[in-house]
2 protein chains.
Amino acid sequence: MSAKDVAAKAGVSRAAVSRTFTPGASVSPETRSKVLEAAEALGYEVNHLARGLIRQQSGIVALVVAQLATPYRSELVRALTDQLQAAGKVAILINTDRSDSTVDMALQQAIRYRADAAIVLSGMPERSITELCHRNGLRLVLINRDDSHTSSIQIRLNDAEAARLGLIAFVRSGCKKLALATSEAGTPSLVAREQSFLAEAGKRGIDVICERYGPTGYESGLVLGERLLVRPDRPDAVFCTTDLLACGVMDAARHRFSLAIPDDLSIIGFDNIPQAGWEAYQLTTFTQPVEDIAAAAMDWLSHTETQEKPHVVHLTATMAWRKSVRSGKP
Amino acid sequence: MSAKDVAAKAGVSRAAVSRTFTPGASVSPETRSKVLEAAEALGYEVNHLARGLIRQQSGIVALVVAQLATPYRSELVRALTDQLQAAGKVAILINTDRSDSTVDMALQQAIRYRADAAIVLSGMPERSITELCHRNGLRLVLINRDDSHTSSIQIRLNDAEAARLGLIAFVRSGCKKLALATSEAGTPSLVAREQSFLAEAGKRGIDVICERYGPTGYESGLVLGERLLVRPDRPDAVFCTTDLLACGVMDAARHRFSLAIPDDLSIIGFDNIPQAGWEAYQLTTFTQPVEDIAAAAMDWLSHTETQEKPHVVHLTATMAWRKSVRSGKP
DNA sequence: TTGTAGGCGTTATCAT
DNA sequence: ATGATAACGCCTACAA
């Protein structure tokens, strides 16, 4: 089942077989068809391990991700694999849920398989590992990460501007008592949203109740909702740094406090996960441009000229208006 | 950055380097440490492409999946990659959303990278491709698929028994007018659930309204709910072959027909996706044993003795009682 | 325990 | 256009 076997069966040299499977190589139509026929008969498939070895590029791209089962993450991974495949590459998926140091482990694994690039969706690689990647010719795509380094690209969102718009929406709709709900994850994008919301409020002299709890998931939202709504100075608007948190807050408001949304409480989230559009939520939020993110990564990967200066791409999450913010005037 | 470089720096032979990185090889502690030191200094990592080439096993396992962004699928993929990594393997993710023939393309890709195995979560490989996999030593794990073949394992659920239990639950709670909602996907597990529900109803002389529409997602559930609830003989219980469909049906009932669940309408789903546990749904459903599924796959993969007889593993989805079925007596 | 030599399946270079 | 030959980086007898 190797090229040698095919060559023997077709009565040609191994080189001829190789050329047949190399786009743009010079083979006569006759030998080509002889080779193809023999390959078909033998069930031959080119060995990409061997090919990668000699070509010095494997065609492999590593996807480093935590919390894959989360709506936004799975959507992004889907978009990424989709576009990667369309470009003739193959994705290896590395899960970093177990421990925090595993982002570095993941990158090491990527190096061992001589991946052409690694796309990091979660966690933060150590500087030393980043360096190691660079030395091993592993290009890095950092999505919503902070650290920058040569031979890598960062893809960023307009988190700050979005959060600012969220605050303005609350103010315009006449909300008086504003709150912010976030998790303890402290990832760059979450922090950016939080700080920008707070900063804009401060600029306008508005007080914001700030609550922070647990991991970034639905259950944390439930807890955050409870904490916020039990207060004597109950807020009438909550900006959640994530849709999952927002869903939790909404459910807490409705089912534990019998509040109506948006009449008693306005909510804004971030990500625009599928559930945000479900009838039960109809959440006003910001859309993660997953296809654009994937496209930006692909675009940079296809530009093989390894620019030495760090590269940053800014993408924008646009507001998706639904029904979780009341439209009344002050 | 190859073993040769490390050997030179450490003043030993290439073989010594190789042995240092091969668990259970005989190296003296002194040479070992010399090698490790040199490797560290040079940033050396074993090339798994080359290793796979000579060992005849790459350590790669392909995950073939469609609709990755769906809650159940992403959960399963997470469990699979997790356990794969724990076993020292690496997962390549192949997305088959684009066209139907791409399951075969996916398997071809897996062969080209000399994957040790492929785990198929979606779609159905052609018989000829299955054969090709076998010839290329690619072991196949089929999850909830029909076709069987030598050198492959099937992992199945108790779909039929679960559906039967669902019907019994409806009957016991005094529901009179039963319905079944499913998609047009026609995958083996969906069909099994549907037919078993219908069969048990038939055995008891109960009529079931059967509605089928679109892909297996929330939006289809909305449509199915609408169709079912607009009927003059409106059902008071709906078995949905999937939680996503169930959520859609529930939302249609509540928001388009102002029905209360479970008082006016009882619902049972399947999968136990995270959303089924959300306060807004509290859906009674059947739990996909994702960790067990992954464990079963891993277990079979670790047994390297390639049994020639096709192997089938049966796992059970247990009922998760929540609040979408009324508990009243007839 | 250590080093030497051969081969895994490709592709690239160089003749022909 | 085709075929021989070297090389990619590694592992594994085999011999020392």
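Chain letters run A, B, ... following the sequence lines, proteins first and then strands; every chain starts at 1.
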Starting at [atom1] of [X] and ending at [atom2] of [N], how long is that distance when rounded to a whole Å?
{"X": "Q57(A)", "N": "dC8(D)", "atom1": "CD", "atom2": "C1'", "answer": "14 Å"}
{"X": "H48(B)", "N": "dC8(D)", "atom1": "NE2", "atom2": "C1'", "answer": "17 Å"}
{"X": "K34(B)", "N": "dT1(C)", "atom1": "NZ", "atom2": "P", "answer": "15 Å"}
{"X": "D5(B)", "N": "dC10(D)", "atom1": "CG", "atom2": "C1'", "answer": "13 Å"}
{"X": "N47(B)", "N": "dA7(D)", "atom1": "CG", "atom2": "P", "answer": "18 Å"}
{"X": "R114(B)", "N": "dG9(C)", "atom1": "CZ", "atom2": "P", "answer": "8 Å"}
{"X": "R112(A)", "N": "dC10(D)", "atom1": "CZ", "atom2": "P", "answer": "12 Å"}
{"X": "M1(B)", "N": "dC10(D)", "atom1": "CE", "atom2": "P", "answer": "11 Å"}

Sugar-phosphate only, base, or nothing, as touched by E45(A) at under 4.0 Å among non-hydrogen atoms: sugar-phosphate
N/O (side chain, S26(A)) to phosphate O (OP1/OP2, dT2(D)) under 4.0 Å: no
Test applied, salt bridge (charged side-chain N to carboxylate O under 4.0 Å, His left out); reference residue, D116(A); option that passes from R139(A), K89(A), R55(A): K89(A)
Considering only [options], which nucleotide approaches the side chain of [X] most closely?
{"X": "A3(B)", "options": "dG9(D), dT10(C), dC10(D)", "answer": "dC10(D)"}
{"X": "S2(A)", "options": "dA1(D), dT2(C), dG9(C)", "answer": "dG9(C)"}
{"X": "S13(B)", "options": "dC10(D), dG9(C), dT4(C)", "answer": "dT4(C)"}

S122(B) and R73(B) side chains, donor-acceptor separation under 3.5 Å: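 Checked: R73(B)/S122(B) side chains pair up, N/O donor to acceptor below 3.5 Å.
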Distance-only polar pair, side chains of E291(B) and Q83(B), donor-acceptor under 3.5 Å: yes
Atom of N95(A), atom of Q85(B) and distance for their closest heavy-atom approach: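 So the two residues come closest at N-OE1, 2.7 Å.
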pair L80(B)-L121(B): side-chain heavy atoms closer than 4.5 Å: yes
Anything under 3.5 Å between a protein N or O and an N or O of nucleotides 11-15 of chain D, put it in a table, one pair a line.
| unit_1 | atom_1 | unit_2 | atom_2 | d |
| --- | --- | --- | --- | --- |
| dC11(D) | OP1 | R51(B) | NE | 2.4 |
| dC11(D) | OP1 | R51(B) | NH2 | 2.7 |
| dC11(D) | OP2 | S18(B) | OG | 2.7 |

